[in-house]
Amino acid sequence: MADGNNALNATLQNESTLAQIASKHNILPQNLVNWKKIFLANAEIAMEPSKAVKEYKEGSVMVQST
C-alpha cells in the first residue's frame, strides 16, 4: 500500500495527470479518484481529531439510545 500512498500524495499535489500517476504506480486511475475523494472527505479527522472523536461519540450515544 506504500505505493498507493505515494500515488495519492502525487495526485493531491497535482504532480502529473491521473493517467501518468496511475501508470507509474501500476494503479487504475479510478482508484486514485476514489482514494482522493475518501481522503478529502475525511481530512477533518486529521486536522481536528478531537472534533471528529466528539462527533463520533455523540453519534454512538444516539445509536445506542434508539
Side-chain angles (χ1 to χ4, degrees):
M1 188 62 181
D3 208 36
N5 290 337
N6 292 336
L8 177 59
N9 190 32
T11 302
L12 292 169
Q13 294 179 11
N14 294 319
E15 292 179 359
S16 303
T17 66
L18 283 176
Q20 291 169 327
I21 296 168
S23 177
K24 178 180 176 184
H25 296 280
N26 198 26
I27 297 170
L28 294 172
Q30 187 59 47
N31 286 351
L32 289 174
V33 171
N34 293 342
W35 294 344
K36 183 177 179 179
K37 284 180 185 177
I38 292 167
F39 178 84
L40 294 175
N42 292 292
E44 181 180 343
I45 294 169
M47 304 307 274
E48 295 185 52
S50 61
K51 180 179 176 186
V53 169
K54 180 182 175 197
E55 290 175 358
Y56 173 79
K57 287 181 178 178
E58 288 173 354
S60 294
V61 169
M62 291 180 70
V63 170
Q64 290 176 358
S65 63
T66 57

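Positions are given from 1 along the sequence.
- For Asn9, the side-chain hydrogen bond (donor to acceptor under 3.5 Å, both in side chains) partners two or more places apart in sequence, or in a different chain, are Gln13.
- Under the side-chain contact (heavy atoms from CB on, under 4.5 Å) criterion, Leu18 pairs with Thr11, Leu32, Val33, not counting sequence neighbours.
- A search for side-chain hydrogen bond (donor to acceptor under 3.5 Å, both in side chains) contacts involving Asn42 returns nothing, not counting sequence neighbours.
- Every residue two or more places apart in sequence or in another chain that forms a side-chain contact (heavy atoms from CB on, under 4.5 Å) with Leu40 is listed here: Leu12, Lys36.
- With sequence neighbours excluded, the residues satisfying side-chain contact (heavy atoms from CB on, under 4.5 Å) with Thr17 are Ala19, Gln20.
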